[in-house]
There are 2 protein chains.
Amino acid sequence: MLEESAFELFLEQGYAKTSIEDITRRAGVSRNTFFNYFDLKSDVFWVEIDRALGLLPEKLALTESSLPPAHAIVEAFADCTAELGSGFVPWILTNFEAIGEPNELLSSAFSRFNSTTRVLKGFVSQRLNIPVDSLECQVIANTSVSAVAAAAVAWGKAGVSRAPLQSYLVHALAPLAEGYAHFRAIELPRTI
Amino acid sequence: MLEESAFELFLEQGYAKTSIEDITRRAGVSRNTFFNYFDLKSDVFWVEIDRALGLLPEKLALTESSLPPAHAIVEAFADCTAELGSGFVPWILTNFEAIGEPNELLSSAFSRFNSTTRVLKGFVSQRLNIPVDSLECQVIANTSVSAVAAAAVAWGKAGVSRAPLQSYLVHALAPLAEGYAHFRAIELPRTI
DNA sequence: GTATTATTTGTACTGAGTACAAGAATTAAG
DNA sequence: CTTAATTCTTGTACTCAGTACAAATAATAC
């Protein structure tokens with residue numbers, strides 16, 4: 001499996017010093033085969049997370065329409081990971097300190113941040129009946145995803161006896177649920 | 001100015017189709033000169049924003065210690081941009097739809113997100129007297145920066161008759177001020 | 001066994017980013 | 001004004017992620 005080879009080499013010699021050629025040689029395939037499975041080198045980090053995030057739209061759709069959006073978001077994210085099993089802990093969450101912040105990881109992380117906020121904007125827009133391209137939707141989506149990211153990283157860091165992810169999500173998003181309970185669109189003034 | 005040449009070319013032919021060689025040729029210098037001024041190609045987008053963000057630590061330090069952190073954050077960010085003049089509107093904020101989401105922009109954006117959250121984590125830790133590496137600090141910093149980013153993008157989009165950035169910041173961060181008013185560290189349970 | 005389809009691989013390429021030394025321009029000192 | 005020192009630009013060469021495409025190989029179907 002390319003990911004396993006990649007993770008071994010990243011720990012042995014660091015992300016930057018590990019070339020795609022190294023990874024594919026370790027896996028016993030050609031360099032170009034890598035690009036049959038991944039668009040980018042850093043995509044190896046996201047296989048499990050992408051699988052979980054892929055479930056998000058349907059999990060959001062399944063939440064009770066009377067539930068406040070922040071609660072629905074917690075439930076949806078928790079359901080995404082629950083469906084992938086209790087042993088599900090993405091490698092990058094437990095190893096990101098070893099990996100550091102190479103630009104390729106930053107770009108692939110932000111790419112997923114953006115696609116996740118797009119999903120949440122649509123959900124919030126529909127649930128709160130406000131325009132999807134409003135500042136309010138963007139803020140709720142941005143802050144929710146960044147809180148989820150912080151919770152996920154903390155959860156990954158907590159070690160093998162960690163509490164369920166949902167505990168972390170609830171704790172991280174509770175203030176947002178409270179803060180956004182009365183968050184309404186306003187007409188920002190224009191200068192004369 | 002390298003930035004001006006870059007922005008002209010990005011609009012003429014797109015980010016991906018504009019090489020560093022193109023930019024430096026347009027500016028009348030050698031390709032390697034580019035790297036005397038910038039670490040990365042996409043760094044051209046951030047000159048003004050980096051200047052503003054560079055002021056953040058001192059602006060945060062200047063806020064009243066009795067001010068709730070979210071209010072202090074609004075004030076500090078607003079002061080950062082106010083000090084750089086009323087005409088200060090970073091090119092990327094008004095042109096990011098034209099630029100799209102090239103991986104290089106995503107990585108440089110996330111790099112600045114991370115460094116800004118580090119600044120805010122330190123501030124929140126000191127102001128609320130909680131450990132800087134706690135989930136609470138991370139969540140407050142992450143959500144604050146992502147709300148500021150959403151506000152800044154909306155502000156950039158609003159056109160030449162836009163309200164002051166502070167209006168957008170206040171609106172975006174008000175729910176966070178409310179939500180974090182009683183946000184305290186808790187001991188997340190460990191599994192047996 | 002042959003034909004078709006799917007997958008891997010080889011080759012060649014672009015361009016961001018890096019390193020380093022040489023050349024040119026600027027500044028300082030005598 | 002000349003020389004020396006310092007600063008900055010530039011040329012050359014490189015690595016490696018990422019791309020394109022065709023050839024080779026493997027797998028599948030008949």
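Residue numbers start from 1 in every chain, and the chains themselves are labelled A, B, ... in the order their sequence lines are given, proteins ahead of strands.
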Heavy-atom closest pair, residues A/L11 and A/N95: CD2-OD1, 3.8 Å
Heavy-atom closest contact (B/L135 atom, A/A150 atom, distance):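 Closest heavy-atom pair between B/L135 and A/A150: CD1-O, 3.6 Å.
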Whole-Å distance between C/dT7 P and A/L2 CG?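 Answer to the nearest Å: 15 Å.
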Specify the separation, in whole Å, of atom CG of B/L106 and atom P of D/dG18. 13 Å
Can [X] and [Y] be counted as having a side-chain donor-acceptor contact under 3.5 angstrom?
X	Y	value
A/E64	A/H71	no
A/S108	A/S42	yes
B/R127	B/T63	yes

Which residue, B/N103 or B/N36, contacts DNA chain D at a nucleotide closer to its 5' end, judged by nearest heavy atom?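 Of the two residues, B/N36 wins.
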Under-4.0 Å salt bridge between [X] and [Y]:
X	Y	answer
A/E83	A/K59	yes
A/E12	A/K17	no
B/R26	B/E3	no

Report, as a single string ordered 5' to 3', how protein heavy atoms within less than 4.0 Å touch nucleotides 11-16 of chain C: B base, S sugar-phosphate only, - not at all. B----B
Applying a 4.0 Å non-hydrogen cut-off, can you work out what A/F34 is touching in the nucleic acid: base, sugar-phosphate, or nothing? nothing
Under 4.0 angstrom, heavy atoms only, what part of the nucleic acid is A/F38 near: base, sugar-phosphate, or nothing? nothing
Look at the side-chain N and O atoms of A/Y37 and state whether any lies under 4.0 Å from the OP1 or OP2 oxygen of C/dT7. no
Does D/dT10 have OP1 or OP2 sitting under 4.0 Å from an N or O in the side chain of B/T33? yes
After noting the C-alpha distance and the side-chain angles of A/F96 and A/W91, does the key distance pass the side-chain contact (heavy atoms from CB on, under 4.5 Å) rule? CA-CA 8 Å; A/F96 78 95; A/W91 188 92; over 6 Å; no
If the helix axis at each end comes from five base pairs, how far does the helix from C/dG1-D/dC30 to C/dG30-D/dC1 deviate from straight, to 10°? 0°
Aromatic contact between B/F45 and B/Y15, with the criterion being ring centroids under 6.0 Å apart: yes or no? yes
Give every pair of a protein N or O atom and an N or O atom of nucleotides 21-26 of chain C that lie under 3.5 Å apart, one pair per line with the distance.
none

Does A/D22 form a salt bridge (charged side-chain N to carboxylate O under 4.0 Å, His left out) with A/R31? I'd like the steps, not just the answer. CA-CA 8 Å; A/D22 293 334; A/R31 183 182 178 279; over 6 Å; no
